[in-house]
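What follows is a single structure, written as structure tokens, with notes after it.
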Amino acid sequence: MMTLTDKIAADLLHIGAVTLAPNDPFLWASGMQAPIYTDNRQTIAYPEVRAAIADGLAALIQEKYPAATVIGGVATAGIPHAALVADRLDLPMNYVRSKPKDHGRGKQIEGQLTPTDQVVLIDDLISTGGSVLAAAKAVQATGATVLGVVAIFSYELPDSVVNFQAAGLTLTPLTTYSALIDEARSEGDMTPAEFASLQQWREDPWGWPGN
Ligand SMILES: O=P(O)(O)OC[C@H]1O[C@H](OP(=O)(O)OP(=O)(O)O)[C@H](O)[C@@H]1O
Ligand SMILES: O=C(O)c1cc(=O)[nH]c(=O)[nH]1
């Protein structure tokens, strides 16, 4: 029987959200060359996939953070998943922008947030963790508590481990880069040399050839 971790990894591959290209790397926003690009925004186009994600994230939150009073989405790609999860858990929701609006009411956080709230944040993807940890800081600055972070996918990069530790927060992803490349290999999508290159990148992305 396939685990949920493997099922979500397979889903991301099958809907084309993930492109693996160890021989033709992508340039990331950080300036890093990477053998993969993940666009989890595409998951919302697939009802069965987005439902499996929402069910999985809701179950994680019930297990790890039963005291949650609000589900928070990280703008923009975390928002639809936070909405689906909040609906399943029958909890209020908010979402957190990367910066306050420069017009209107100038708010960074929309939806419910009071100083007594206990928030679980949802992002679609964790690379460095910078986006969700900035959102966590914004929530904490209001006096509310961030219980933890859940996400669809984590690259498990060394930078994210350091950043989550520094923030004192725990990340629980539904699936991971390791599960993803294992699944792609089991589907016969790569040579042993390509698999080795993909593993090498995760262990030391900035030392990977091309960076
Ligand atoms: O862990 P990090 O290094 O922060 O990278 C992950 C973030 O990057 C992407 O968002 P992006 O900045 O592309 O914005 P979007 O959600 O508005 O598309 C993604 O949706 C995550 O929020
Ligand atoms: O850091 C990025 O540019 C980046 C990488 C990735 O896999 N997905 C994404 O949306 N952004």
Side-chain angles (χ1 to χ4, degrees), residues 8-9 11-13 15-45 49-50 53-54 57 71-85 93-102 107-111 119-139 146 148-181 183-184 197-199 201-202 204-206 208 210-211:
I8 301 294
D11 283 349
L12 297 182
L13 287 166
I15 67 171
V18 174
T19 310
L20 290 165
N23 301 317
D24 186 16
F26 294 94
L27 177 64
W28 278 12
S30 56
M32 182 194 288
Q33 295 286 344
I36 178 170
Y37 191 82
T38 304
D39 184 1
N40 284 341
R41 300 163 196 89
Q42 294 186 40
T43 58
I44 58 175
V49 174
R50 73 177 188 228
I53 289 169
L57 292 174
I71 304 302
V74 179
T76 56
I79 295 174
H81 303 289
L84 291 167
V85 169
M93 178 194 157
N94 63 42
Y95 66 85
V96 188
R97 295 191 181 87
S98 56
K99 54 182 176 18
K101 269 178 84 108
D102 60 8
K107 289 171 76 174
Q108 182 171 6
I109 302 172
E110 304 284 359
V119 183
V120 175
L121 287 170
I122 296 183
D123 208 346
D124 67 321
L125 168 80
I126 305 295
S127 171
T128 64
S131 307
V132 73
L133 293 174
K137 261 194 183 163
V139 168
V146 177
V149 174
V150 297
I152 302 172
F153 174 74
S154 169
Y155 280 111
E156 311 167 289
L157 293 179
D159 283 357
S160 70
V161 175
V162 169
N163 291 339
F164 273 90
Q165 262 169 11
L169 289 171
T170 300
L171 164 67
T172 312
L174 276 184
T175 195
T176 60
Y177 180 77
S178 320
L180 192 83
I181 62 173
E183 181 62 29
S197 177
L198 288 163
Q199 280 184 312
W201 173 79
R202 193 200 68 77
D204 183 14
W206 290 102
W208 192 68
N211 282 316

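Predicted model, so just to flag it, every value in this text is computed and none were measured. For ligands, and for the atoms within them, numbers begin at 1 and follow the listed sequence.
By the 3.5 Å distance cut-off applied to N or O atoms, A77 is counted among the residues near ligand 1. Distances between N or O atoms of Y37 and those of ligand 2 include at least one value under 3.5 Å. Ligand 2 has an N or O atom lying under 3.5 Å from an N or O atom of Y155, backbone or side chain. Between L125 and ligand 2, no pair of N/O atoms sits closer than 3.5 Å. Considering backbone and side-chain N/O atoms, D39 never comes within less than 3.5 Å of an N/O atom of ligand 2. For ligand 1, the polar-atom distance check finds no N/O of V132 at less than 3.5 Å from any of the ligand's N/O atoms.
Inter-residue side-chain proximity for Y155 and L125 is flagged as met; some heavy-atom pair is nearer than 4.5 Å.
Using a 4.0 Å cut-off to heavy atoms of A29, the atoms of ligand 2 that qualify are 1 (O), 2 (C), 3 (O). Near T76, with a cut-off below 4.0 Å to any heavy atom, the atoms of ligand 1 are 15 (P), 16 (O), 17 (O), 18 (O). For ligand 1 and I126, the ligand atoms under 4.0 Å from any heavy atom of the residue are 1 (O). Here is the list of ligand 1 atoms found below 4.0 Å of a heavy atom in G130: 1 (O), 2 (P), 4 (O). For ligand 2 and R41, the ligand atoms under 4.0 Å from any heavy atom of the residue are 10 (O).
A distance-only check finds no donor-acceptor pair linking the side chain of R97 to the backbone of A75 [under 3.5 Å].
Of all the listed residues (Y177, F26, W28), W28 holds the heavy atom that lies closest to atom 5 (C) of ligand 2. Counting only non-hydrogen atoms, the option in A151, S131, G129, S30 that gets closest to atom 4 (O) of ligand 1 is S131.
Looking from atom 5 (O) of ligand 1 to the surrounding protein, the closest heavy atom is S127 CB, 3.5 Å. With hydrogens left out, the protein atom closest to atom 6 (C) of ligand 1 is L125 O, 3.3 Å, a heavy atom. Of all protein heavy atoms, the one closest to atom 3 (O) of ligand 1 is T128 OG1, 2.6 Å. In this structure, atom 10 (O) of ligand 1 lies nearest to the protein heavy atom R41 NH2, 3.9 Å. The protein non-hydrogen atom at the shortest distance from atom 8 (N) of ligand 2 is T38 O, 2.7 Å.
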- request: Give the C-alpha distance, both sets of side-chain angles, the deciding distance and a yes or no for side-chain contact (heavy atoms from CB on, under 4.5 Å) between V96 and V139.
  value: CA-CA 8 Å; V96 188; V139 168; 4.0 Å; yes
- request: Give the C-alpha distance, both sets of side-chain angles, the deciding distance and a yes or no for side-chain contact (heavy atoms from CB on, under 4.5 Å) between L198 and Y177.
  value: CA-CA 9 Å; L198 288 163; Y177 180 77; 3.4 Å; yes
- request: Would you please test I181 and R202 for side-chain contact (heavy atoms from CB on, under 4.5 Å) and show each step?
  value: CA-CA 11 Å; I181 62 173; R202 193 200 68 77; over 6 Å; no
message: The test is side-chain contact (heavy atoms from CB on, under 4.5 Å); show your working for E156 and V161 and say whether it passes.
response: CA-CA 7 Å; E156 311 167 289; V161 175; over 6 Å; no
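Under 4.0 angstrom from ligand 1, the non-hydrogen atoms of D123 all belong to its side chain. Contact annotation for D124 and ligand 1: only side-chain heavy atoms (C-beta onward) come within less than 4.0 Å of the ligand.
Across L13 and L180, no two heavy atoms sit closer than the pair CD1-O, 3.9 Å. Heavy atoms only, all atoms of each residue included: D124 and R41 are closest at OD2-N, 4.3 Å. Between W28 and I36, the shortest heavy-atom distance links the atoms NE1-O, 3.1 Å. Scanning all heavy atoms of the two residues, the minimum distance from P205 to P158 falls at CD-CD, 4.0 Å. The minimum heavy-atom distance between I53 and I8, with the atom names listed, is CG1-CD1, 4.0 Å.
At a 4.0 Å cut-off, not a single heavy atom of M32 sits close enough to ligand 2 to count as contact.
More than 12 heavy-atom neighbours from other residues, nucleotides or ligands sit within 6.0 angstrom of NZ on K107.
For atom 12 (O) of ligand 1, the nearest protein heavy atom lies 4.0 Å or farther away.
Test I122, L171, T172 against V149 for side chain to side chain contact (heavy atoms under 4.5 Å, CB included) and you get one pass: L171.
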